[in-house]
Q: 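What follows is a single structure, and I will ask about it in a moment.
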Amino acid sequence: MDQDEPQRPNPFAAVDDRHLVAAVVRGEALAWPAFYTRFERLMRACIRRTLRWYGVRSSDADLEDLLSAVCLNVVKDDYRKLRMFDPARGYRLSSWVGLIATNTAIDALRRREPEHASTDDPMGQAHEVPSGTPTPFDDMHRREEAVLLAAAIDQLSDGDRLFLEYYFEHEMEPSVIAKRMGITVATVYSRKNKVREKLRVVVGRLVAGREGSDRGRVGKIR
């Protein structure tokens, strides 16, 4: 190919999530690069959030290893996890990928010996991080949190989801967020509280719905 010829856009870059998943599991040559480009930032954010949950600081190399592990989890067994994705169950593909990334990070922390936990120490010395090793109860709690949070975020507006991404995932300064979203810094702080309250209400509603569903199943069993 002529080096001066412009690079052609990936034909799967603009397709909707359902068609992208179908193309990936079919093994279309350019589908996986499009999938990775679309969800790389999300996967990294979920990994970082999980590490923060457990109080574990990791190096850039650790993050890259975990990102690779997430990708392997997505593609292994002939894309089994992607084949399990069903938008009819109420999940967006971004939520599904986020759950895979979160669970992969949790599983990695379960396998990690405390003395091997990286702390980004400038002297290159490893320190034990016993609190960074999750217990089985931690696993269950964090996975439940991830499911509820992903479902709640899906119910927010596009603007609120973008705000959450800027503020909590990328940890941007309020002044930067204000400039990007065309609002004042004061509005950034007030919007943070409003979005948190929206999430609290939605999560509460989801929990109540789940408990009602569980009671219904128990009643049927009896």
Q: Which heavy atom of Cys46 sits nearest to which heavy atom of Thr102, and what is that distance?
A: CB-OG1, 3.8 Å
Q: Check salt bridge (charged side-chain N to carboxylate O under 4.0 Å, His left out) between Arg180 and all other residues, then give those that pass, not counting sequence neighbours.
A: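 Per chain and number, Arg180 pairs via salt bridge (charged side-chain N to carboxylate O under 4.0 Å, His left out) with no residue.
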Q: With Ser68, which residues qualify under side chain to side chain donor-acceptor pair (under 3.5 Å), at least two apart?
A: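 For Ser68, no residue satisfies side chain to side chain donor-acceptor pair (under 3.5 Å) once neighbours in sequence are set aside.
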Q: With the side chain counted from C-beta on, respond yes when Arg44 and Arg41 share a heavy-atom pair under 4.5 Å apart, and no when they do not.
A: no
Q: What's the spacing between Ile47 CD1 and Asp62 CG if we round to 0.5 Å?
A: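 Here the rounded value is 10.5 Å.
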Q: Under 6.0 Å from the OH atom of Tyr36, do we count more than 12 heavy atoms belonging to anything else shown?
A: yes
Q: Please round to the nearest 0.5 Å and tell me the distance separating atom OG of Ser94 and atom CG of Leu99.
A: 9.5 Å
Q: Whether Asp77 and Arg83 form a salt bridge (side-chain N of Lys/Arg under 4.0 Å from carboxylate O of Asp/Glu) is what I want to check.
A: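 No salt bridge links Arg83 with Asp77.
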Q: If Ile, Leu, Val, Met, Phe, Trp and Tyr residues are connected whenever their side-chain heavy atoms lie under 4.5 Å apart, and connections chain through other members, are Val195 and Val201 in the same group?
A: no
Q: Please report the C-alpha distance between Thr37 and Asn10 in whole Å, then the side-chain angles of each, then the deciding distance to 0.1 Å, and finally whether the side chain to side chain contact (heavy atoms under 4.5 Å, CB included) criterion is met.
A: CA-CA 10 Å; Thr37 298; Asn10 190 315; over 6 Å; no
Q: Going by side chain to side chain contact (heavy atoms under 4.5 Å, CB included), name the residues that satisfy it together with Asn73, two or more places apart in sequence or in a different chain.
A: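 By the side chain to side chain contact (heavy atoms under 4.5 Å, CB included) rule, Asn73 matches Lys76, Lys81, Ile100, Thr104.
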Q: Do any N or O atoms from the side chain of Arg161 and from the backbone of Leu156 form a donor-acceptor pair under 3.5 angstrom?
A: yes
Q: So do Val97 and Phe85 actually touch side chain to side chain, heavy atoms under 4.5 Å?
A: no
Q: Using modelled atom types and a 3.5 Å cut-off, is there a donor and acceptor pairing between side-chain atoms of Ser190 and backbone atoms of Thr187?
A: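 Yes; at least one donor-acceptor contact below 3.5 Å.
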Q: Got Leu93 and Phe39 here, is their nearest side-chain heavy-atom distance under 4.5 Å?
A: yes
Q: Is the shortest heavy-atom distance from the side chain of Thr50 to the side chain of Leu66 under 4.5 Å?
A: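 The answer is no, as the side chains (C-beta and beyond) never meet within the 4.5 Å cut-off.
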Q: Please round to the nearest 0.5 Å and tell me the distance separating atom SG of Cys71 and atom CD of Glu40.
A: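 Here the interatomic distance stands at 8.0 Å.
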Q: Could you go through residues 17-32 and list every donor-acceptor pair under 3.5 Å that involves a side-chain atom there, pairing it with any protein atom two or more places apart or in another chain?
A:
unit_1	atom_1	unit_2	atom_2	d
Asp17	OD1	Arg38	NH1	2.8
His19	ND1	Asp16	OD1	2.8
His19	ND1	Asp16	OD2	3.0
Arg26	NE	Glu28	OE2	3.3
Arg26	NH2	Glu28	OE2	3.4

Q: Which residue pairs satisfy the salt bridge (charged side-chain N to carboxylate O under 4.0 Å, His left out) criterion with at least one member in residues 181-202, sequence neighbours excluded?
A: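 Of all non-adjacent pairs touching residues 181-202, those that pass salt bridge (charged side-chain N to carboxylate O under 4.0 Å, His left out) are Asp160-Arg191, Asp160-Lys198, Glu197-Arg200.
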Q: Restricting to ring pair (Phe, Tyr, Trp, His ring centres under 6.0 Å), what partner residues turn up for Phe163, sequence neighbours left out?
A: Tyr167
